[in-house]
There are 2 protein chains.
Amino acid sequence: MSSLVGSDSSELGRGGRLPRSARRKQLLAAAQQVFVANGYHAAAMDDIAERAGVSKPVLYQHFPGKMELYLALLDTQAEMLGAAVNQALAATDDNRARIHGVLTAYFEFVDRSDEDGAFRLIFETDLGNDPAVRERVEAVAQKTMQAVADTVAGDTGLDRAQAELLSTALTGAAQVAARWWLAEDRPISQEDAVRLMESLLWRGISNFPRQGEPGH
Amino acid sequence: MSSLVGSDSSELGRGGRLPRSARRKQLLAAAQQVFVANGYHAAAMDDIAERAGVSKPVLYQHFPGKMELYLALLDTQAEMLGAAVNQALAATDDNRARIHGVLTAYFEFVDRSDEDGAFRLIFETDLGNDPAVRERVEAVAQKTMQAVADTVAGDTGLDRAQAELLSTALTGAAQVAARWWLAEDRPISQEDAVRLMESLLWRGISNFPRQGEPGH
DNA sequence: GACCGCGTGGAGGTCAAGATCGGCGTGCTG
DNA sequence: CAGCACGCCGATCTTGACCTCCACGCGGTC
């Protein structure tokens with residue numbers, strides 16, 4: 001009756017005891033699968049434990065609670081996305097190349113995390129109301145937007161608020177487009193998608209009409 | 001001890017009995033306040049009933065459950081936004097004017113619903129996982145995107161998938177920008193915001209380089 | 001002026017899900 | 001070989017939120 005090892009794809013590494021570090025990583029992987037599949041609220045700690053092939057007490061010996069578990073995953077993904085975008089912005093001084101890089105970063109992020117759907121933790125969380133989560137999610141978008149706004153403000157002469165509005169639109173467009181592209185199962189190649197978006201955004205923002213320079 | 005009518009701003013229309021229609025509208029208003037303030041999950045039926053100054057049974061005599069109550073509100077708001085966008089698209093044949101109209105529709109929607117924050121029901125719901133909710137929310141964006149994609153495909157010669165990608169980016173940019181603008185407490189006037197966004201999007205999409213016309 | 005029905009209110013049931021306690025087996029160490 | 005420590009599990013508690021039952025009071029009618 002009691003089979004030794006569940007070779008089911010639904011269970012990860014069932015079997016004997018593991019060192020804490022390995023067990024922790026395994027629990028994080030299981031939790032990510034469940035959170036991504038069901039969202040935070042519908043995800044049950046029982047499901048996560050079962051998914052990992054352990055019992056609930058073990059789960060609580062590694063994480064104080066559901067929220068901390070979620071935040072650990074969220075931080076990891078936010079770090080990844082933030083680093084990728086940052087690198088794309090710092091890699092060059094050519095603004096068109098920057099747009100290309102940031103777009104690629106977004107598309108790569110949703111594409112790479114398609115296997116596990118990790119991007120949903122950031123872009124489609126059902127915890128937008130929780131302050132801790134909200135802060136972390138907005139921090140990524142804000143940091144990117146601010147960096148873009150610096151360049152936009154310098155190049156267009158727009159004041160800060162105006163530059164931030166356009167920067168929000170640009171980064172938001174990239175994010176929404178990448179999500180749509182993945183949700184539609186990549187109807188076109190990633191290269192084509194990035195090229196199209198790059199063309200759209202670059203035509204929009206480059207040589208943006210200087211305005212609002214008072215007097216002079 | 002028992003004050004007759006709660007003139008508190010926290011309670012709506014406490015006092016005697018109301019005709020069903022009026023009571024229903026009042027319950028919807030109370031529910032909207034609570035849902036917007038706390039999100040779906042954190043909102044308690046007790047809070048909604050208390051907010052409306054009635055007891056829970058009456059709430060359940062008007063709505064079968066929490067979900068139906070939420071969906072009623074969601075449908076109303078989705079209808080409003082969809083109608084506004086539709087009207088903006090149908091009002092003219094000039095595509096730049098269409099962009100202006102749609103942008104205005106989005107900004108008006110978040111602005112007008114700032115008093116009660118109704119736009120959060122659509123744009124920041126914490127029920128993105130529930131099929132019924134997801135379907136309704138996506139339907140609005142999808143319909144808009146499809147309408148825009150029709151025009152984009154016709155004007156640029158792009159194939160359907162490419163046109164839809166760009167249309168998603170355009171409508172997504174409008175939505176994200178409007179939400180940012182409100183979240184930042186309207187740092188610039190609505191007219192300026194719409195003008196800036198219109199300039200950005202129109203420069204991006206107008207005279208988009210024709211490509212992908214095979215052979216011929 | 002008395003009666004009857006309907007809408008209202010407070011108190012309670014049910015259940016799901018997060019969080020926890022004593023016992024067991026296994027592998028290392030002297 | 002014996003003791004020990006550690007990781008693990010089954011079973012349970014508790015909280016909180018959705019959802020109904022018995023008493024009360026107001027409006028229409030003869």
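Heavy-atom basis, side chains included; hydrogens, waters and symmetry copies ignored. In what follows, chains carry the letters A, B, and so on, assigned in the order in which the sequence lines appear, proteins first and then strands, with residues in each chain numbered from 1.
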Nearest-nucleotide 5' precedence on DNA chain C, A:Y60 against B:H62:
B:H62
Determine yes or no for a side-chain-to-main-chain donor-acceptor pair under 3.5 angstrom, with B:Q175 supplying the side chain and B:G172 the backbone.
no
Counting neighbours of CD on B:Q146 that are heavy atoms of other residues, nucleotides or ligands and sit closer than 6.0 Å, is the number greater than 12?
yes
Go through [options] for me and flag the one nearest to the [X] side chain.
X     : options                : result
B:K66 : D:dA17, C:dT8, C:dT20  : D:dA17
A:A44 : C:dG10, C:dG18, D:dG10 : C:dG18
B:S55 : D:dG10, C:dT8, C:dG18  : C:dT8

Whole-Å distance between [N] [atom2] and [X] [atom1]?
X     : N      : atom1 : atom2 : result
A:Q26 : D:dG7  : CD    : C1'   : 14 Å
A:Q61 : D:dC6  : CD    : P     : 12 Å
B:N38 : D:dG16 : CG    : C1'   : 15 Å
A:M67 : C:dG18 : CE    : C1'   : 12 Å
B:D46 : D:dG16 : CG    : C1'   : 10 Å
A:L59 : C:dG18 : CG    : P     : 10 Å
A:M45 : D:dA11 : CE    : P     : 20 Å
A:L27 : D:dC9  : CG    : C1'   : 14 Å

Any base atoms under 4.0 Å from B:A43, or only sugar-phosphate, or nothing? Heavy atoms, all strands.
sugar-phosphate
What does B:A49 touch in the nucleic acid at a heavy-atom separation under 4.0 angstrom: a base, only the sugar-phosphate, or nothing?
nothing
NZ/NE/NH1/NH2 to OD/OE distance under 4.0 Å, B:R51 and B:D46:
no
So that I can tick it off, tell me whether A:R134 and A:E138 are bridged by a salt bridge, with the cut-off set at under 4.0 angstrom between side-chain N and carboxylate O.
yes
With a cut-off of less than 4.0 Å, is there a side-chain N or O of B:R23 near OP1 or OP2 of C:dG7?
no
A:F35 and A:Y70 aromatic ring geometry - parallel, tilted or perpendicular at 30°/60° bounds:
perpendicular
